[in-house]
Structure formats: structure tokens, C-alpha cells
Amino acid sequence: MTVDVEQGPDRKPALRVMLPPYLLLRDFLDEQTAAGLLDFALANEANYAPTKTGRTGAAQVRPQVRLSVSLHDLGPFRRVLRDKVKAMVPDLSAKLGATPPADPKFEIELVAHNDGAFYKRHIDTQTASDRDYIRVLSAVYYFYVEPKAFSGGALRLYAIGDAEGTAFVDVIPEHNSLLVFPAWAPHEVMPVSCPSQRFTDSRFAINCWVHRARVQGS
């Protein structure tokens with residue numbers, strides 16, 4: 001999808017930019033699995049740690065860039081998410097206009113966003129954790145306790161070629177839904193408002209990155 005963006009207050013000619021493709025899959029998991037995953041996320045509250053950014057070995061907690069807590073051990077649910085996404089990679093890649101990786105690897109983390117949490121604009125390809133692989137698809141699974149006790153937290157996908165960030169689409173997190181987009185797409189997690197500040201009222205998301213082997217020069 002292309003859109004026209006006016007170039008600042010001097011009203012220069014509009015610049016044509018392209019919004020990145022994305023897919024939103026609702027009711028991604030069956031009800032029993034979704035409920036079990038939510039129970040797991042809540043029961044492990046004590047095991048979350050402040051989320052880091054950057055490559056493995058050099059990652060740091062930078063609350064001015066990313067504010068949330070994360071958990072990397074998903075127990076039995078890691079395989080559940082990995083296997084389901086893996087089976088869909090060829091179809092997801094085709095729908096997003098990407099070449100499906102021949103032997104994909106997966107990187108998965110569970111993140112909780114409570115009051116004031118956010119993640120500034122970034123792209124996922126720059127933070128791949130393995131020097132021999134690169135992220136090609138980003139998949140985000142959303143879930144939370146219903147009725148929803150937070151607001152905000154949309155994932156904002158920015159248009160390609162719009163340096164000012166004036167052209168974008170906001171994808172609202174829906175319980176038991178999976179959002180998929182190219183890892184090169186610039187995006188941002190908008191600030192979350194959770195008045196109760198209770199962990200159980202958080203916006204939960206599982207980030208699942210699909211990797212392909214790097215080719216020379218990539």
C-alpha cells in the first residue's frame with residue numbers, strides 16, 4: 001500500500017511512501033492452549049527480568065528505549081508456538097512477498113508491558129542474536145486477561161521512505177491473535193496505560209522471530 005505524505009510545513013510536493021505488509025491472524029491458538037499459556041505467564045511473574053536491547057553478549061537494559069519485563073523460558077509453550085509458526089512459514093512468507101527460509105531457526109521471548117511500558121522505533125533485523133543467521137519475519141502473539149484492563153500498546157508500523165514518521169498504521173493488540181510482518185519493517189510499541197499497575201493486568205506478547213542463514217554480504 002502506498003500513501004502520499006506532505007513534506008513539512010513548507011508544503012513541498014507529496015512524497016510517495018509504502019506501508020509494510022502485515023498479517024493479523026485472530027483466534028491463533030485453541031482456547032485451552034491460550035488459557036494455559038496465560039496461566040503460565042501469570043504464574044511465572046517472579047522470573048521476569050527487565051528487557052534488554054542489542055546483540056547477545058552486548059545487550060543492555062535501556063529504559064529510555066525499551067521499558068518492559070521479559071521471560072525467555074516458556075517451558076512447554078515454546079515448542080507449541082515454534083511448531084505452529086514453523087508450519088505456517090511458507091504461507092506467511094508468500095503472503096508477505098518474502099522468500100521462505102529453507103531451514104528456519106526461531107528466537108522466542110515472552111514480554112509483559114505494564115503501565116508506562118513502550119519500545120521506541122526500531123527494526124528487528126539489526127538485533128538478531130546469531131551472527132550466522134538473520135531475522136526475516138517477526139511474529140507477535142498477543143494475549144491478556146479479559147476484560148482488558150490496559151489501553152494503548154498498539155504496534156505502530158511505519159512507512160518505508162518516510163523519515164519523519166508521519167505515515168504509519170497502528171495494529172491494536174487483540175487477545176489470542178498473531179501479528180506477522182517483515183523483520184526489516186520499522187515499528188514501535190506505543191506506550192501502555194495500566195491504571196491498576198497489577199502484573200495480571202499487563203499486555204502480554206510473545207515475540208517469535210524467524211531466522212534464515214546469512215548469505216555472503218548480508
Side-chain angles (χ1 to χ4, degrees), residues 22-53 55-57 59 61 66-93 95-96 100-114 117 119 124 127-130 132-150 153 155 171 173-181 183 189 192 194 198-213:
Y22 70 92
L23 301 169
L24 183 62
L25 310 179
R26 296 178 173 85
D27 300 319
F28 183 68
L29 298 177
D30 64 80
E31 291 186 7
Q32 182 177 357
T33 303
L37 179 55
L38 181 57
D39 288 343
F40 177 89
L42 297 176
N44 281 274
E45 178 180 357
N47 297 322
Y48 290 73
T51 310
K52 297 181 179 181
T53 58
R55 294 180 183 274
T56 298
V61 175
R66 187 181 191 187
L67 185 62
S68 58
V69 292
S70 60
L71 179 68
H72 292 272
D73 182 3
L74 273 68
F77 292 99
R78 185 186 190 281
R79 175 170 291 184
V80 172
L81 269 295
R82 183 201 63 192
D83 289 353
K84 182 149 189 175
V85 173
K86 183 176 182 179
M88 300 176 69
V89 164
D91 183 57
L92 295 173
S93 299
K95 289 179 177 177
L96 293 173
D103 184 22
K105 285 186 61 177
F106 293 85
E107 180 186 357
I108 298 176
E109 69 174 4
L110 167 57
V111 183
H113 294 81
N114 204 267
Y119 193 176
D124 289 341
T127 55
S129 61
D130 192 324
D132 297 322
Y133 285 79
I134 186 170
R135 295 171 178 169
V136 289
L137 291 180
S138 296
V140 187
Y141 175 76
Y142 297 112
F143 61 115
Y144 46 80
V145 173
E146 295 183 298
K148 185 170 72 171
F150 66 88
L155 191 140
V171 182
E174 297 183 20
H175 177 67
N176 196 20
S177 67
L178 184 79
L179 171 65
V180 189
F181 56 93
V189 177
V192 172
C194 183
R198 293 181 303 188
F199 184 76
T200 54
D201 292 336
S202 297
R203 166 196 185 274
F204 293 98
I206 295 178
N207 297 317
C208 179
W209 294 286
V210 181
H211 296 228
R212 68 158 170 80

Got a second to check how far [X]'s [atom1] is from [Y]'s [atom2], nearest 0.5 Å?
| X | Y | atom1 | atom2 | value |
| --- | --- | --- | --- | --- |
| I134 | D124 | CD1 | CG | 11.0 Å |
| I108 | D73 | CD1 | CG | 11.5 Å |
| L81 | I206 | CG | CD1 | 4.5 Å |
| R198 | L42 | CZ | CG | 11.5 Å |
| F77 | L38 | CZ | CG | 9.5 Å |
| L29 | S177 | CG | OG | 10.0 Å |

Please check if the side chain of [X] supplies one atom and the backbone of [Y] the other of a donor-acceptor pair under 3.5 Å.
| X | Y | value |
| --- | --- | --- |
| R135 | A183 | no |
| T51 | S68 | yes |
| N114 | D201 | no |
| N207 | E109 | no |

Sub-4.5 Å side-chain heavy-atom contact between [X] and [Y]:
| X | Y | result |
| --- | --- | --- |
| L37 | Y141 | yes |
| K148 | H175 | no |
| M88 | V180 | no |

F204 and Y48 aromatic ring geometry - parallel, tilted or perpendicular at 30°/60° bounds: tilted
Can you label the angle between the Y144 ring and the F150 ring as parallel, tilted or perpendicular, going by 30° and 60°? perpendicular
Working note: N44 + L110, criterion side chain to side chain contact (heavy atoms under 4.5 Å, CB included); need CA distance, chi angles, decisive distance, verdict. CA-CA 11 Å; N44 281 274; L110 167 57; over 6 Å; no
Candidates V171, L155, L92 - the one meeting side chain to side chain contact (heavy atoms under 4.5 Å, CB included) with F181: L155
